[in-house]
A.B. asks: 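Got a structure here, written out as structure tokens. Questions coming.
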Amino acid sequence: MTKFSAFLKDEAGAVTVDWVVLTAAIVGLGLLVFNFVRPAVSNLAAGIGTELGNAQACMAANGASASCN
């Protein structure tokens, strides 16, 4: 019984549990932020893709030295 009570009083693994909880909280917050940021990044990427497509079409139609609006 003495070894069992010593095992229950030992706090050596408590730090590990704290790190696991903190890491899980950080990952959870990261996923939450990602869900809020993802639509804005997706819209920005679509806008960049559209602009690059327009620039490619302008260069193909008018040559590399022409300027397009």
A.B. asks: Could you list the donor-acceptor pairs under 3.5 angstrom formed by side chains in residues 15-25, with sequence neighbours left out?
C.D. replies:
from: T23; atom 1: OG1; to: W19; atom 2: O; distance (Å): 2.7

A.B. asks: Could you give the side-chain donor-acceptor pairs of residues 27-34 under 3.5 Å, partners two or more places apart or in another chain?
C.D. replies:
none

A.B. asks: Could you list the cluster mates of I26? Members are the ILVMFWY residues connected by side-chain heavy atoms closer than 4.5 Å, either directly or through other members.
C.D. replies: none
A.B. asks: List the residues meeting side-chain contact (heavy atoms from CB on, under 4.5 Å) with I48, not counting sequence neighbours, and say none if there are none.
C.D. replies: L44, L52
